[in-house]
Amino acid sequence: MFEQEEKYAADAIGRALEAMGYTPPAKIAMRPIPLEGIWGVGSTVAMQLAGKDRAKVGEIAEGVAERLRALNHFANVHAENGYINCIFDVGKVATAVIHAVLTAGSDYGRGAAIPGRVMIEYAQLNTHKEFHVGHLRNVALGAALVRIMRFAGYDVVAASYIGDIGLHVIKCLWCYREFHMGQEPKDPAQRGRWLGERYVEANQRLAYRKDVSDFIARLVLEDMVFNGQVDSIMKELIHAGVPNGDVAKLLGVLVSHKPFDPTAYVNDEMIPIFWKHIGAELRSEKRRDAIKHQVDGLHSDSLASLWTEYQRLDAHFTQWWAPSATWEAEARALFLAWDRKEKDIVALWEKTRQWSLDELLQLFAQLGAPIEVYFYESEVEEPGRAIVRNLLERGIAEVSDGLPVVKIDEKLGLAKETYRTLPILRSDGTTLYATKDLALAAVKFDEYHVDHSIYVVDARQSFYFQQIFKILELMGFAQAAQCRHLPYEFLTLPEGTMSSRSGNAVFFEDVAADALARARAAVDEKNPDLPEETKAEIARTIGIGALLYGMLDRDNNTVIVFDWEQALSFDGHAAPYIQYAHARACRILERAQAEGIALPDATSAIHLSAPVTEEMALLEQIGNFPAEVRRAAETDKPLIIANYVYDLAKRFSDFYGACPVVQAEPETRTTRLALVDATRQTLANGLALLGIHAPNVM
RNA sequence: GCGCCCGUAGCUCAGUGGAUAGAGCGUUUGGUUGCGGACCAAAAGGCCAGAGGUUCGAGUCCUCUCGGGCGUACCA
């Protein structure tokens, strides 16, 4: 908005410097003056040219200021502390800002078209898994970036890449088929979630043998009391008829703290007997600990943690231990059956996949995520294998340790270990994420003709994407240089990493339901007379807006520790504050209309001969919007827009408190109404970029 | 070992090489017979992890150290 003024100032300063016998730098940067109550742009060029010589700095700044004053373009130009400050003619610039907003409307801030097509891939969600709040960060960020880049003028294709096949899907299908065949929740809306629970169960079952083994190893290391009981337990095992060889082997493992391997024993019955003894021993330790607690008030944390884990495992021991010996092999076999496209497994996959997709599409709609293209992992498995074959034939890939890999450093001729080696197919021929990603990149280049490709994926995959991009380069794709991974840090829980695999996750559905309920309570209290449907709509707007904003008002590479209360806070630096500013702006305009006052439009005269600080601060912020949109797009930071709209709302609140609008004298009233309308419009435009609606009432 | 990211107020975080480092939460004290109190005003709270360097100028750029997180060949 102020480009013209900045350009004018920069050019004028350049000419003044030349006239004074200096060589101006190639680019004279103008920055807003950060002093309160002063609206204009300043330059530091005098300090750059004069260096340490303070007297000369003042001399240059003063000389330039004098020459600029003579041009009569700015209200004033003065030299201060070495800065050359050009003070805007407030009335002129204010008129330009307000007219620009009211003329452009919802297009205010939009940039001119930028050549080249950009594909932004985000929302890489998996079927057969539940959508948790960690995924929300990805969708919020990717969607905001799509809108911001598009608004800034880029030709953006928004793509989602759905993980509808892979080890996780196979595990889930295995669990479903073996233990839940024919079951499904009555409410179709719950199917996706139910399936996600089956996936968690599958992981627990498949990890069961290892978890038991790890537990025994831990017990031996941590529990000294248990160690003292080992001898007597061994004797009891022999009494129970366990072969001497197995008992001896187990004893060796325990006393030497070696890893416990359940497959090493002749008699699988030994472990259940041993397990019973472990339980008995832990119970008696618990009793002793309870008595000790009465005496000295102390508990053993280690024992408590062991006991919790024992209970978790023991709950399934009788049912899971024996059959679990073959589960892993079953799941692997199922993956191979999938690869052979066996009818019943494909049918089961199709049915359950649709359950998840229904849920995901509904979620994307609820979040307003713009997506034009859907890619599916299942569609790039075969093309991926073809690429692997091709890479092997061309000698870019080779078979090492029984599987195809690309030794990237070697192929690039790098002596220093940089990109290392990436496996591109499993040794049993099933596909990896890399297999499919290579094929997908080819589709993006060849079929969608994208010039730039952005991957919005969490930061833990940064190294992996460097590897992928280098392989694409080795394959000969010129666009490989235009691929960019946009990393964002993970969202964790106070108690640790969130993982849908272990079931340790906060589901988006639950958080959203809570957010809606809280928003609804507030609406009921403040606007009890609104129609039911309107109240529900406003509650959605506020609840979802608060959640989205919470994901977007931090830098991409800060780890977010999810705090339930903080995420649902409607006070202070949060979306409802901004929405509230918008609603109040709307109310002022409504009030004016109700009193028969005509609302100003893009042709109304703006009078700001003696503006108050709050008016200038607000105008300045409104005028900055287009530049902030550009900066956000260029740096991939929706955070810039999130901060921008908050600052704008804050300045509006200041203005609101200091400047009566409807009660003002007619001339001032018209100007302030125009300012309120411009604020309303800019708030709405900014929030829209974040995917947040701006309500008229709330 | 190597690589990436982070370290700013009690807590959660902003901060485009430039003027006095800012918000929110929390704490304390005030404000509405005024356009909506999801608000506003004020107070308290900082060796910007540490040490060097580049620069007229460093929270910001470079190097090193410390502390934390995450990667690092068949998870995605």
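In this structure, Asp514(A) pairs ionically with Arg518(A), as a charged nitrogen and a carboxylate oxygen lie closer than 4.0 Å. The existence of a salt bridge linking Lys535(A) and Asp524(A) is confirmed by a sub-4.0 Å separation between a basic side-chain nitrogen and an acidic carboxylate oxygen. Taking a cutoff of 4.0 Å between a charged side-chain nitrogen and a carboxylate oxygen, Arg651(A) and Asp654(A) do not qualify as a salt bridge. Between Glu590(A) and Arg587(A) there is a salt bridge, since at least one side-chain N of the basic residue sits less than 4.0 Å from a carboxylate O of the acidic one.
For the residue pair Trp338(A) / Glu381(A), a side-chain donor-acceptor distance below 3.5 Å is found, with atom types taken as modelled.
We find that CG of Asp571(A) is positioned 10 Å from P of rC40(B), with the value rounded to whole Å. Atom CZ in Arg591(A) sits roughly 5 Å away from atom P in rG36(B) (whole-Å rounding). In this structure, Met698(A) places its CE atom 13 Å from P of rG37(B), rounding to the nearest Å. Atoms CD (Glu36(A)) and C1' (rG22(B)) sit 13 Å apart, rounded to a whole Å. Atom CD1 of Ile538(A) and atom P of rA38(B) are 14 Å apart (whole Å). For the pair Gln663(A) CD and rU32(B) C1', the computed distance is 14 Å after rounding to whole Å.
Comparing atom distances between the Phe463(A) side chain and each of rC13(B), rG3(B), rG71(B) picks out rG71(B) as nearest. Closest approach to the Glu489(A) side chain among rC35(B), rC5(B), rA76(B) is made by rC5(B) (side chain taken as heavy atoms from C-beta onward). Here the side chain of Val662(A) is nearest to one of rC2(B), rC35(B), rA38(B), namely rC35(B). Closest to the side chain of Arg426(A), from the set rU16(B), rC35(B), rC75(B), is rC75(B). When each of rA14(B), rA76(B), rA23(B) is scored by its nearest atom to the side-chain atoms of Gln461(A), the top-ranked nucleotide is rA76(B). Which of rA19(B), rA38(B), rC35(B) sits closest to the side chain of Ile33(A) comes down to rA19(B). Which of rC74(B), rC40(B), rC35(B) sits closest to the side chain of Lys650(A) comes down to rC40(B). Of all nucleotides listed (rA19(B), rA76(B), rA73(B)), rA73(B) comes nearest to the side chain of Thr421(A).
Using a 4.0 Å cut-off, some side-chain N or O of Tyr577(A) falls inside it from OP1 or OP2 of rC40(B). Taking side-chain N and O atoms only, Tyr580(A) has a distance below 4.0 Å to OP1 or OP2 of rA38(B). For rG36(B), the OP1/OP2 oxygens have no side-chain nitrogen or oxygen of Arg584(A) closer than 4.0 Å. For Lys56(A) and rC56(B), the shortest distance from a side-chain N or O to OP1 or OP2 is not below 4.0 Å. Between Asn557(A) and rC6(B), a side-chain N or O to OP1/OP2 separation shorter than 4.0 Å is present. One finds no side-chain N or O of Lys52(A) lying less than 4.0 angstrom from the OP1 or OP2 phosphate oxygen of rU55(B). For Arg554(A), a side-chain nitrogen or oxygen approaches OP1 or OP2 of rC13(B) to under 4.0 Å.
Spacing between rC47(B) and rG37(B) at atom C1', rounded to whole Å, works out to 40 Å. If you take atom P in rC4(B) and the same atom in rU65(B), they sit 13 Å apart, rounded to whole Å. Taking atom P on both nucleotides, rA41(B) is separated from rG22(B) by 15 Å, rounded to a whole Å. Nucleotides rA43(B) and rA21(B) are separated by 15 Å at their P atoms, to the nearest Å. Distance noted for atom P between rG10(B) and rC6(B): 22 Å (whole Å). With C1' as the reference atom, rU12(B) and rG17(B) are 27 Å apart, rounded to whole Å. Comparing rA49(B) with rG68(B), their C1' atoms sit 11 Å apart, to the nearest whole Å. With C1' as the reference atom, rG26(B) and rA9(B) are 12 Å apart, rounded to whole Å.
Residue Val457(A) is classed as having no contact, given no heavy-atom separation below 4.0 Å to the nucleic acid. Contact annotation for Ser569(A): no contact, since no heavy-atom pair falls under 4.0 Å across all strands. Nucleic acid contact for Leu432(A): sugar-phosphate only, since backbone atoms but no base atoms lie under 4.0 Å from a heavy atom of the residue. Among the atoms of the strands shown, base atoms are found under 4.0 Å from some heavy atom of Ile542(A). Residue contacts shown for Gln48(A) include a base, since a base heavy atom lies under 4.0 Å away. Within the nucleic acid shown, Cys659(A) comes within 4.0 Å of at least one base atom, counting heavy atoms only. Looking at heavy-atom distances under 4.0 Å, Glu377(A) makes contact with sugar-phosphate atoms alone, never a base. Among the atoms of the strands shown, none is found under 4.0 Å from any heavy atom of Asp53(A). Nucleic acid contact for Arg631(A): base, since at least one base atom lies under 4.0 Å from a heavy atom of the residue.
Both tests do not hold together for Arg584(A) against Phe652(A): distance to the six-membered ring centre under 6.0 Å, angle to the ring axis within 45°. Cation-pi contact between Arg31(A) and Tyr83(A): absent, since separation from the ring centre below 6.0 Å together with deviation from the ring axis within 45° is not met.
Nearer to the 5' terminus of RNA chain B, by closest-nucleotide assignment, is the contact made by Tyr646(A) (compared with the other of Tyr646(A) and Arg587(A)). Residue whose closest nucleotide on RNA chain B sits further toward the 5' end, between Asp654(A) and Lys526(A): Lys526(A).
Taking the six-membered ring where the residue is Trp, the centroids of Tyr455(A) and Tyr161(A) are separated by 6.0 Å or more.
Between Tyr464(A) and Tyr433(A), the two ring planes are tilted [angle within 30° to 60°]. Taking the six-membered ring where the residue is Trp, Phe2(A) and Phe88(A) present tilted rings, their angle falling between 30° and 60°.
Not a single donor-acceptor contact under 3.5 angstrom links the side-chain atoms of Thr44(A) to the base of rA19(B). The base of rC74(B) lies close enough to the side chain of Ser427(A) for a donor and an acceptor atom to sit less than 3.5 Å apart. Judged by distance alone with a 3.5 Å cut-off, no donor-acceptor contact links the side chain of Asp437(A) to the base of rA76(B).
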Can you give me every donor-acceptor pair (side chain of residues 541-562 of chain A, partner residue at least two apart or in another chain, under 3.5 Å) with its distance?
{"from": "Thr541(A)", "atom 1": "OG1", "to": "Glu537(A)", "atom 2": "O", "distance (Å)": "3.0"}
{"from": "Tyr549(A)", "atom 1": "OH", "to": "His573(A)", "atom 2": "NE2", "distance (Å)": "3.0"}
{"from": "Tyr549(A)", "atom 1": "OH", "to": "Ala642(A)", "atom 2": "O", "distance (Å)": "2.6"}
{"from": "Asp555(A)", "atom 1": "OD1", "to": "Lys637(A)", "atom 2": "NZ", "distance (Å)": "2.7"}
{"from": "Asp555(A)", "atom 1": "OD2", "to": "Asn557(A)", "atom 2": "N", "distance (Å)": "3.2"}
{"from": "Asn556(A)", "atom 1": "ND2", "to": "Asp636(A)", "atom 2": "O", "distance (Å)": "3.2"}
{"from": "Thr558(A)", "atom 1": "OG1", "to": "Asp555(A)", "atom 2": "O", "distance (Å)": "3.2"}

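Helical stems of RNA chain B (runs of at least 3 Watson-Crick or G-U pairs, donor-acceptor distances under 3.5 Å) are listed by first residue: B:1-7 with B:66-72, B:10-13 with B:22-25, B:27-31 with B:39-43, B:49-53 with B:61-65.
In this structure, Tyr83(A) counts as stacked on the base of rA19(B) under the 5.5 Å centre distance and 30° plane angle limits.
Residues Tyr488(A) and Tyr122(A) are not in side-chain contact: their nearest non-hydrogen atoms beyond the backbone lie 4.5 Å or more apart.
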